[in-house]
Amino acid sequence: MSEETVALQPIECPICHFQNPPGEKFCQDCGFLLGSEAGEWEEKEEKPQPLLISSDGKEYTLKEGENLVGRESADILLFYDKSVSRKHALIILEGDKCYVQDLGSTNGTFINGVRLSPGVKTQIYDGDSISFGDSTFRFSYPLSRKEEIPAKAILILEGKEIPITKEEFLIGRREGDLIVPNPYVSGRHCKIYIEEGGAFIEDLGSTNGTFLNGKEIERGVKTALEDGAIIEIGGTKLVFRLPGEDRGEDREAEGG
Amino acid sequence: MEETRVISTVPEKPFSLEAYFGNRYALYSVPTRDFLLVRLRATGSPQIRAPLNLCLVIDRSGSMEGEPLEYTKKACAYVVDLLEPDDILSIVTFAEDVQVVMPPRKVVNKELIKAHIMRIEVGDTTNLYDGLLVGGNQLKSIPLSNYTNRILLFTDGEPTTGIRDYPTITQLAGELREAGIKVTALGFGLEYNEELLVGIAKRGGGNYYYISRPELIQEVFRKEMESLLTVALRNPKVKVHLSRWVKARDVLGYPAEYKGRDVEVQLVDLEKGASISLLMELELEPRPKGIYRIAKVSVESDDLKEKLEEDVVVEFVEDVALIQQGVNEMVKKEWETKQAARSIEKTLMAMKTQAISTAAAVAELERTKVFLANQGRLEEAKEVEQAIESLKKGTSLEAEKTLVGTIYKMDLGKKKEEK
């Protein structure tokens, strides 16, 4: 009785960890003789393959360079889909980076639901959804994950966190790493510097000035920015925060 | 209750499937390339054959006048004698135009059918394409699925009227095959083009024969009928499901369909007492040491009552000495046979382009003949012997017509089992 209960559980393959249905003799995925002795594996860096996976699970491996998507003599041949143009789009693989370029198709190429302008190379990342006409695929390529650059500091604007990932961070109405659409903010209003010695803010000669904790700062001079400082430009308030714990010590030292 | 007991009382299974990899072992640390051999056999007890739906498509061009046509009529009458009342026969002849001598009819009144045959008269030119087309239409007027459907196309010359380009003609044979009709091509004399006829047989899924003399026409028809009347497995399709890290590099002798991890190969009909061997080159990626199934092989056919399935297992090891011990001789032998076919092909090409002397060609073929005889491929060895005789007589055209058939047969991997 107890044996039967055991047999009904899925069998995990010791080599590839695929969950096999009970009663299976060989692993359905890698073919390993289940229940036999598994050898050690000198783990080799297996380079993950860049794949385009259709909604019904069909996998297309992308080759280095250009991969033509289309309805006729293409690398990724979607002959069954009339919404796909003969030469629909290119998928361009350059090492770890992968791009999609629409070739002026009739029904368009979409990345995560956004239609691409014809002829423009757009980078795609692992997990993106790509559509050619009505055919939708998932792009799978772990090497092309969107890089998460750790934030050096954060600005909080109306409860929203804006990461500062660069050493110089421009704020303005017309240009900047942060655009503040407020008529009292100047085109190029102020700049935040993240340096080894600490964080600073400089007013770039704005019309209405930059206020730090309620006090206007001198234009053209770098002023020290403390964690938790409130920056006000043209009436818009921003809270400056430095990430985490290493600040705690300083604060203690100040307190003592 | 215990069903296994019941199975053991069943005499012998009519079909068997074997599958072997070129080596029982593979080195775990490097990629391995070797051949997978799939062998399908029709062994067992006699079975009730499916009735035939047969069409004789006969060349009656001017060159057939006299002995050739008389012998052909005799051969056709002989075919009538071999058929049963459940079989269906139709007869079509072609010269500048096509005549339906007899539309599809059950073979009940044999004398009447023979009388029709005897009335065939020679015409002028050779409209082979239309002959084949009309022959196919005769068969198609019968529900094909209940029958073994075949055209015997007999010709002694080049197509001279109607559609004459080879690709269109062989494509027609391919279309007939897709519709469930196989085409066997029989070439008589020295005037026909053997590439075209082998092409028709290849695309049409049938056999190819070269007939050198009129007296042999009946014997060759008999041979084809014997094979046709013993067809045990129609349209067998081999499916090879590969493990994830196994890639199929090439299938020898047959066109293959690649569908993700599956490779599908449509084989020719299998006669009772015969086997078909299929070779496929695989590449295995390195694996952790252990025992793996590299492929699961199965066969599909309407004539199969139960599914035939076979696991191909390889052990991944570190010890190089094991690799030497693990060689599968059967796979090796089959591969050598395929190589022999390539060697004949090379000699044939060299003969046609006059790149080698007759003496050199004879020497090459002698070597191949001995090899084939040693392999137990007596039929092929005999054909090579015939080609050698033709060469010595100075009729290299005859040798060429024989050898293309030998190559085709070897590529199909079909073999009659010795009794």
First locate atom OG of A:Ser36, then atom OH of B:Tyr292, and finally report the distance between them rounded to the nearest 0.5 Å. 8.0 Å

Between atom CZ of B:Arg244 and atom SG of A:Cys27, what is the distance when rounded to the nearest 0.5 Å? 8.0 Å

Measure distances from B:Ile294 to the heavy atoms of chain A and classify the residue's part below 4.5 Å as side chain, backbone, both or neither. neither

Any chance CZ of B:Arg342 has more than 12 other-residue heavy atoms, nucleotides or ligands included, within less than 6.0 Å? yes

Answer with side chain, backbone, both or neither: which region of A:Cys16 has an atom nearer than 4.5 Å to a non-hydrogen atom of chain B? side chain

Segment of B:Val313 engaging chain A (4.5 angstrom heavy-atom cut-off): side chain

Look at atom NZ of A:Lys63 and say whether more than 12 heavy atoms of other residues, nucleotides or ligands are closer to it than 6.0 Å. yes

Do A:Phe26 and B:Asp311 pass the side chain to side chain contact (heavy atoms under 4.5 Å, CB included) test, and can you show the C-alpha distance, the side-chain angles, and the key distance before you say yes or no? CA-CA 9 Å; A:Phe26 296 97; B:Asp311 289 320; 3.4 Å; yes

For A:Gly39 versus B:Pro288, what's the shortest heavy-atom pair and its separation? O-CB, 3.8 Å

Could you walk me through whether B:Arg261 and A:Asp29 pass side chain to side chain contact (heavy atoms under 4.5 Å, CB included), step by step? CA-CA 11 Å; B:Arg261 278 165 59 183; A:Asp29 191 44; 3.5 Å; yes

Any chance CD of A:Glu64 has more than 12 other-residue heavy atoms, nucleotides or ligands included, within less than 6.0 Å? yes

With sequence neighbours left out, the residues meeting side-chain hydrogen bond (donor to acceptor under 3.5 Å, both in side chains) with A:Ser105 are A:His88, A:Asp102

Of all of B:Ala295, B:Gly260, B:Ser243, B:Gly290, which one pairs up most often with chain A through heavy atoms under 4.5 Å apart? B:Ser243

Using the test side-chain hydrogen bond (donor to acceptor under 3.5 Å, both in side chains), find all partners of A:Gln19 that sit at least two apart in sequence or belong to another chain. A:Glu12

Note: B:Arg293 and A:Gln28 closest approach over all heavy atoms is NH2-CA, 4.4 Å

Would you say CZ of A:Phe79 has more than 12 non-hydrogen atoms from neighbouring residues, nucleotides or ligands within 6.0 angstrom? no

A:Lys87 atom NZ, neighbour heavy-atom count above 12 within 6.0 Å: no

